[in-house]
Amino acid sequence: MIGKPSRILVIEDDCETAEQLVDSLATHGYNVDLALDGEEGLKRGRSVDYAAMTIDRMLPGIDGISLIRLLREEGVFTPALIVSALGEVDDRVRGLRAGGDDYLVKPFAFAELLARVEALVRRSENSGKEIVLRVGDLELDLVSRAVSRRNQKIDLLPREFQVLEFLVRNQGHVVPRAMLLQHVWDLHFDPMTNIIDVYVGRVRRKVDAGQAYPLIHTIRGIGFCVRAPG
């Protein structure tokens, strides 16, 4: 790694697995902190600015899903990789809906975990290069996670913010439903799911209701596009 090593938080209650994760990440140049239960993980996660964290889903005290949800509610948006033996689609969706950024099923190859951690660290580091996204009279502050339109605050849940951020980053281009599902939830496209339409509908109502013009447009049979008139 070039420059100051990134700091990673590992939240894992199995001592053997925790030791392997800490040693392997440290070998690859990361500074690693370890929490052995959910309460310690919550305390560390809210008090230290980490580049990324790995969270075991089944933790004593506070489970991994509740831990992520609590951190997101407190405004902590450190990229989080959920590690779990529960690998069904419903389990993954539940974890990602709670605010997780990626999901890895046990047993896993460490090379894959490392690659996923590296991707989350890049996302964390790159987010600071662009502070505010704008389209028309809409502004997204990527640091405070605040959204406003004509200087009026818009309250979005964490996943709603991610949906809007991805659409705005691709403003002027059609974003297929499958692309949104992959980049926001990191799931392969399931033609039977309506999760994308549900979330985009929520965001549209909050962003476009009562405004002079709509920003979020549905492209029938394909996906969505954010664009301002003119």
Side-chain angles (χ1 to χ4, degrees), residues 1-84 94-104 106 108 110 113-133 140-147 153 155-162 165 184-186:
M1 293 184 180
I2 298 173
K4 184 179 178 180
S6 298
R7 194 168 182 181
I8 307 295
L9 174 61
V10 171
I11 308 175
E12 170 63 60
D13 67 311
D14 181 79
C15 292
E16 183 177 351
T17 301
E19 183 178 359
Q20 291 174 348
L21 289 176
V22 171
D23 289 347
S24 298
L25 288 167
T27 298
H28 284 80
Y30 292 103
N31 286 330
V32 187
D33 291 340
L34 173 63
L36 291 172
D37 58 47
E39 292 179 357
E40 184 182 2
L42 180 62
K43 181 179 178 180
R44 286 182 175 271
R46 63 169 41 138
S47 62
V48 179
D49 185 17
Y50 291 100
M53 54 186 171
T54 70
I55 303 177
D56 183 40
R57 179 161 179 169
M58 305 301 291
L59 291 168
I62 303 173
D63 66 86
I65 300 300
S66 299
L67 170 57
I68 293 175
R69 186 176 290 113
L70 287 169
L71 288 173
R72 299 305 187 235
E73 289 174 353
E74 293 181 17
V76 178
F77 294 98
T78 303
L81 170 62
I82 301 171
V83 181
S84 175
R94 194 172 298 113
L96 296 168
R97 278 180 173 172
D101 297 275
D102 199 355
Y103 198 105
L104 183 61
K106 296 179 179 179
F108 55 84
F110 177 75
L113 180 137
L114 179 64
R116 290 173 181 262
V117 168
E118 289 173 345
L120 293 180
V121 169
R122 285 196 300 271
R123 182 187 307 178
S124 178
E125 292 173 344
N126 290 337
S127 66
K129 296 179 181 179
E130 201 168 13
I131 298 175
V132 178
L133 299 179
L140 283 76
D141 188 313
L142 301 180
V143 176
S144 65
R145 315 293 281 190
V147 181
K153 181 181 178 183
D155 292 319
L156 296 181
L157 297 173
R159 189 65 65 187
E160 294 170 349
F161 185 94
Q162 288 180 283
E165 178 186 349
V184 177
W185 281 267
D186 195 28

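Atoms considered below: every heavy atom in the structure, side chains included; atoms not considered: hydrogens, waters and symmetry mates. Quick caveat, the model's predicted, so the values are computed rather than measured.
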How far apart are the closest heavy atoms of L81 and V117, and which atoms are they?
CD2-CG2, 4.1 Å
With [X], which residues qualify under salt bridge (charged side-chain N to carboxylate O under 4.0 Å, His left out), at least two apart?
{"X": "E39", "answer": "none"}
{"X": "D49", "answer": "none"}
{"X": "D33", "answer": "R7, R44"}

I'd like to know whether V83 forms a side chain to side chain contact (heavy atoms under 4.5 Å, CB included) with F108, so could you lay out the CA-CA distance, the side-chain angles of the two residues, the decisive distance to 0.1 Å, and finally the verdict.
CA-CA 9 Å; V83 181; F108 55 84; 3.5 Å; yes
Sequence neighbours excluded, which residues qualify as side-chain contact (heavy atoms from CB on, under 4.5 Å) partners of A146?
D141, S144
At what distance, to the nearest 0.5 angstrom, does CD of E12 lie from CD of Q20?
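Atom-to-atom, E12:CD and Q20:CD are 9.5 Å apart.
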Between CG on residue L25 and OG on residue S6, distance to nearest 0.5 Å:
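Here the rounded value is 11.0 Å.
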Sidechain-backbone polar pair: E40 side chain, L36 backbone, donor-acceptor under 3.5 Å
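Answer holds: yes.
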Within the side chain of E165, is there an N or O that forms a donor-acceptor pair under 3.5 Å with the backbone of Q162?
no
V147 vs L156, side chain to side chain contact (heavy atoms under 4.5 Å, CB included): CA-CA, chis, key distance, verdict
CA-CA 8 Å; V147 181; L156 296 181; 3.7 Å; yes
Any heavy-atom pair between the side chains of [Y] and [X] that's under 4.5 Å?
{"X": "L113", "Y": "L21", "value": "yes"}
{"X": "L9", "Y": "V48", "value": "no"}
{"X": "V10", "Y": "Y30", "value": "no"}

Would you list the atom pairs, donor with acceptor, under 3.5 Å between side chains in residues 51-73 and any protein atom, with sequence neighbours excluded?
unit_1, atom_1, unit_2, atom_2, d
D56, OD1, K106, NZ, 3.1
R57, NH1, D91, O, 3.0
R57, NH1, Y103, OH, 3.2
D63, OD1, I65, N, 3.0
D63, OD1, S66, N, 3.0
D63, OD1, S66, OG, 3.4
D63, OD2, S66, OG, 2.8
R72, NE, G99, O, 3.0
R72, NH1, V76, O, 2.8
R72, NH1, T78, O, 3.1
R72, NH2, T78, O, 2.9
R72, NH2, G99, O, 3.0
R72, NH2, D101, OD2, 2.9

Do other residues, nucleotides or ligands put more than 12 heavy atoms under 6.0 Å from E74 CD?
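Yes, enclosed.
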How would you list, by chain and number, every residue that makes a ring pair (Phe, Tyr, Trp, His ring centres under 6.0 Å) with F110, sequence neighbours excluded?
H28
